[in-house]
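Just below is one structure, and these are the notes that go with it.
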There are 2 protein chains.
Amino acid sequence: MEAIATRGIALPGGRRAGAPPRQLLRDVSADRGACPNCNLLRLCVPVGFEPDVRQLVDQLVAKRMRLRKGDTLFRPGERFTTLYAIRLGSCKTVLLAEDGRDQVSGYHMAGDIIGTDGIARELHECQAIALEDTEVCAIPFARVEELSRASLQVLRNVHRMLATEIARDRHVMLMLGTMRADQRLAAFLLDLAQRYHARGYSSSEYVLRMTRDEIGSYLGLKLETVSRLLSRMHREGLIQVQGRTIKLLDPVGLKSLVETSQ
Amino acid sequence: MEAIATRGIALPGGRRAGAPPRQLLRDVSADRGACPNCNLLRLCVPVGFEPDVRQLVDQLVAKRMRLRKGDTLFRPGERFTTLYAIRLGSCKTVLLAEDGRDQVSGYHMAGDIIGTDGIARELHECQAIALEDTEVCAIPFARVEELSRASLQVLRNVHRMLATEIARDRHVMLMLGTMRADQRLAAFLLDLAQRYHARGYSSSEYVLRMTRDEIGSYLGLKLETVSRLLSRMHREGLIQVQGRTIKLLDPVGLKSLVETSQ
DNA sequence: CGCCGTCTTGACGAATCTCAAATAAAGTGG
DNA sequence: CCACTTTATTTGAGATTCGTCAAGACGGCG
C-alpha cells in the first residue's frame, strides 16, 4: 500500500522521477497523502453519510491530468468550467492585473482544490502553474452543482469550501496589512509546516517548492528581503536553511515572533 | 416615490436625521439605492426568471434591524445563522487575531451582503460595526440553502456571491502586496467612487464614513500616512479634501498613479 | 565544464512608521 | 445654544524598515 503510493509519486512522462529535493517527502507514510484526505472527498462525503452519494463522487472526477513543472493549468480570461483537486505535487496561483502588476496569490498542495477564482465571472482570474510534476483531478463544476442540489451535505460543503477560501484570504490580508517582513515570513513558514503536518508529513522539516522571488511575491516582499530574513533566522537559531530545505528549530520562537505586537 | 425613499434615509430612533455629511447622498435619485438594487435580489432573481421564486425571496428576509452608529451586528465567535443585506447606511468588518492584531477587512454599503465569514465554521470570524445609522435585512442562511436546492438560479448566484467575495479579497491582497501607500489610497478612493456610482450617487464627490485610522487599517497604513497622503493629493490637485468630504478632481490622474509600474 | 537561473550579501536611499505637539471637529451636558 | 470634553486630524522631526542596485557565489543542467 505504502509502496504503491510512493511509486505513484514517481511521475512517468520522460522525466527522472524522485529528484533530490523530493526525498524528504518520500519517507513519509504516503497513504495519508493524496486521495484519501483530498478535500474533494470532504467536499462531498463528510462523515460517511449518504453512501449512495459516494458513487456520484467517483463520477465527479472527469479525468486526471498530469502537469510537468512549469505547466499552466489555467490562465486568466480562460473560460471556467472545472475545478481541480491536486492529487500529487503542488501549484502556485498568480494574480495578474491589467497594469502588469502580478502577485503569487496562493500556494496549493496535494488535497487542495483550485480554480474557484473562475466561479465569479465564469472566467479564470488567475493563472495556475505547477511548481513540480503534478497530478490533478478535473471536476466539472456543473457536476458539483448537480450534486449540490441532490444533497444538502454536498451543498453545505461547497459553501464551506468557498467560505474557507474567503477566511484564508482574510488571514493573508491581515498578514499583509499588519505584519513586518520577518513576521510574515515566520507566519508563512509555520503555515507550511502546519499544512505538511496535516498531510502526514514532518512539520519541522520540508522543502520549499517556491523560489525566494515567489515567496516574496506572495508575502509582498522582495526576494532579497526574503533571503536576508532566512539568513537572519538561521543565524538566530530559529530555523535551519539549506537552499530550499527548511528545518524549523524553534517553532515556539517563530510563533512568538509572529505574535509580537510591535 | 423618490420622496418616500429619501425619507427612508432619515432614520427614526431619537437621532436628528439628515446630519450635514449626509447631504451629498441626499440629492441623488434614491430609487436606485437601497432595496431595488440590493445584491440580495441579484442573489435570487437574476433576470426575472422563475417568478414563483420571487415570493420565496420575500420569505427570505426574516426581519429588518436598525443599528445605530457604532452598534455591533455580529462579533467573532458568535454562532453564524444569518447573512445580512445592508439596506441603508454602511458597516465595517474588523478582523481580530488571537494576538490582539486587528484590521478593518471591509467597508460595506447599501446593497452589500455581509456575514459570509461565518459560513466556513458556522462561527463568525470578524466583527461587523455600523459606521452610521444603518438598516439591515436578516437572511437566515438555512433559508438560502433551501432556496438553493429549489432553484439552480439561486444556487448559482450564491456561488457567485461567495466567489465574488474571494475575487474582491484577492484584489485587496494584490493591493496590499504590490502597491505603495499612495497607490493604495488612490485605488481605495477610486473604488469608493465606483461603488457610489454603481448605487446612483455621484462618482466624483462623496463623504467618507471611516476615520483616517480605519482607512489606514484597511490599507495596511498608519493614520498619519493616510492623512499626509490626502494632504499631498490635495496639494497636487488630484483631489479636494475637507474633513471627510472627498472630491475627485482628476480621476484619470489617480488611475495613472495606481497603474504606475513602480 | 561552462552557462544560466537562483541565491546571498553589502551599501545606500526611499518609503513608511513612531513619537510628539498643535489644531480642528464632534459629542455632551448644562 | 454655549462651554467643555473628547475624539479625530494635521504636521514635523527623527528612526526604522524595506527596497534598489550591484557584485559575487552557488548549483543544476546541457
[X], nearest nucleotide to its side chain (from [options]):
| X | options | value |
| --- | --- | --- |
| B:Lys222 | D:dT20, C:dG27, C:dT18 | C:dT18 |
| A:Ser231 | C:dC17, D:dG19, C:dT9 | C:dT9 |
| B:Lys69 | C:dG27, D:dT9, C:dC7 | C:dG27 |
| A:Thr211 | D:dG19, C:dC7, D:dT9 | C:dC7 |

Integer-rounded Å distance: [N] [atom2] and [X] [atom1]:
| X | N | atom1 | atom2 | result |
| --- | --- | --- | --- | --- |
| B:Met179 | D:dG19 | CE | P | 16 Å |
| A:Arg180 | C:dT16 | CZ | P | 17 Å |
| A:Asp213 | C:dT8 | CG | P | 12 Å |
| B:Leu176 | C:dA15 | CG | C1' | 16 Å |
| A:Met233 | C:dT8 | CE | P | 13 Å |
| B:Arg244 | C:dG27 | CZ | C1' | 13 Å |
| B:Gln183 | C:dA15 | CD | C1' | 12 Å |
| A:Met210 | C:dG5 | CE | P | 21 Å |

For this session: Mind checking B:Gly70 for me? I need base, sugar-phosphate or nothing, with any heavy atom below 4.0 Å counting as a touch.
Result: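 Nothing, no heavy atom under 4.0 Å.
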Exercise. What is the nucleic acid contact for B:Gly216, judged by heavy atoms within less than 4.0 Å: base, sugar-phosphate only, or nothing?
Worked result: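 It contacts nothing in the nucleic acid.
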Exercise. Are the side chain of B:Asp133 and the backbone of B:Lys69 linked by a donor-acceptor contact shorter than 3.5 Å?
Worked result: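 Looks like yes, one N/O pair under 3.5 Å.
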Exercise. Looking only at N and O atoms, is any donor in the side chain of B:Glu224 or the base of C:dC19 less than 3.5 Å from an acceptor on the other one?
Worked result: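 Per atom types, the contact qualifies.
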Exercise. Between the side-chain atoms of B:Arg228 and the base atoms of D:dG12, is any donor-acceptor pair under 3.5 Å?
Worked result: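 By the distance-only test, yes, there is a pair.
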Exercise. Just by distance, with hydrogens left out, do A:Ser90 and A:Glu132 show a side-chain donor and acceptor under 3.5 Å apart?
Worked result: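 Yes, A:Glu132 and A:Ser90 have a side-chain donor paired with an acceptor closer than 3.5 Å.
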Exercise. Which atoms form the tightest heavy-atom contact between A:Leu189 and A:Tyr206, and what is the distance?
Worked result: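 Taking A:Leu189 first and A:Tyr206 second, the nearest heavy atoms are O-OH, 2.7 Å.
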Problem set entry | Test side-chain hydrogen bond (donor to acceptor under 3.5 Å, both in side chains) applied to A:Gln127 and A:Asp102, A:Thr72, A:Thr93, A:Asp117, the passing residue |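 Among the candidates, only A:Thr72 passes.
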For this session: May I ask you to check whether B:Tyr218 and B:Tyr107 place their ring centres under 6.0 Å from each other?
Result: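 Not under 6.0 Å, so no.
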For this session: Please tell me which of B:Leu230 and A:Thr225 maps to the more 5' nucleotide of DNA chain D, matching each residue to the nucleotide holding its nearest heavy atom.
Result: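 The 5'-side residue here is B:Leu230.
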